[in-house]
Amino acid sequence: MAGAGSRYLKEPFPCAHEHRFEAVDRIMSLQFETVEKRLERIEGMILGVEKRLWMTVFGVVGVILSQAAQSIIEFGPK
């Protein structure tokens, strides 16, 4: 009775490594998809900040130019 008990408790499954590799591949692909989605969201936020920054710069330049034009008009011939 040396062989008593279930053989599945003693013998490893022949395809355990294949399933493990498939699981690792699926997990890695999900992680990469998540990272790509996060990067796309970050890029969208950066574009929004960039647009606001340019609008601010154009606004400041517009104010400076309008003040310069106003001072030229006031300084001109009367």
Side-chain angles (χ1 to χ4, degrees):
M1 298 262 289
S6 174
R7 70 179 182 121
Y8 295 109
L9 294 176
K10 298 177 184 176
E11 295 179 10
F13 291 107
C15 62
H17 294 291
E18 293 175 11
H19 289 298
R20 187 179 308 149
F21 289 138
E22 290 175 6
V24 168
D25 286 340
R26 281 185 278 166
I27 290 172
M28 288 179 62
S29 67
L30 287 173
Q31 288 175 339
F32 280 119
E33 287 175 13
T34 304
V35 168
E36 287 178 16
K37 288 179 184 176
R38 287 181 182 176
L39 286 175
E40 288 173 1
R41 286 179 42 210
I42 290 171
E43 287 175 356
M45 289 188 288
I46 288 173
L47 287 175
V49 169
E50 185 179 11
K51 287 179 183 177
R52 288 187 204 115
L53 177 66
W54 280 113
M55 290 301 292
T56 304
V57 168
F58 289 142
V60 169
V61 169
V63 167
I64 291 172
L65 289 176
S66 67
Q67 287 179 350
Q70 185 179 8
S71 66
I72 289 174
I73 291 172
E74 289 177 1
F75 185 72
K78 296 181 184 180

Report summary line: For residues 22-42, the ring pair (Phe, Tyr, Trp, His ring centres under 6.0 Å) pairs (sequence neighbours left out) are none

Donor-acceptor list for residues 40-59 side chains, cut-off 3.5 Å, not counting sequence neighbours:
residue: Thr56; atom: OG1; partner: Arg52; partner atom: O; Å: 2.8

If you group Ile, Leu, Val, Met, Phe, Trp and Tyr whenever their side-chain heavy atoms sit less than 4.5 Å apart, what else falls in with [X]?
{"X": "Val63", "value": "none"}
{"X": "Leu30", "value": "none"}
{"X": "Val35", "value": "Leu39"}

Report task. With Thr34 as reference, evaluate Gln31, Arg38, Lys37 under the side chain to side chain contact (heavy atoms under 4.5 Å, CB included) test and give the passing residue. Result -> Arg38

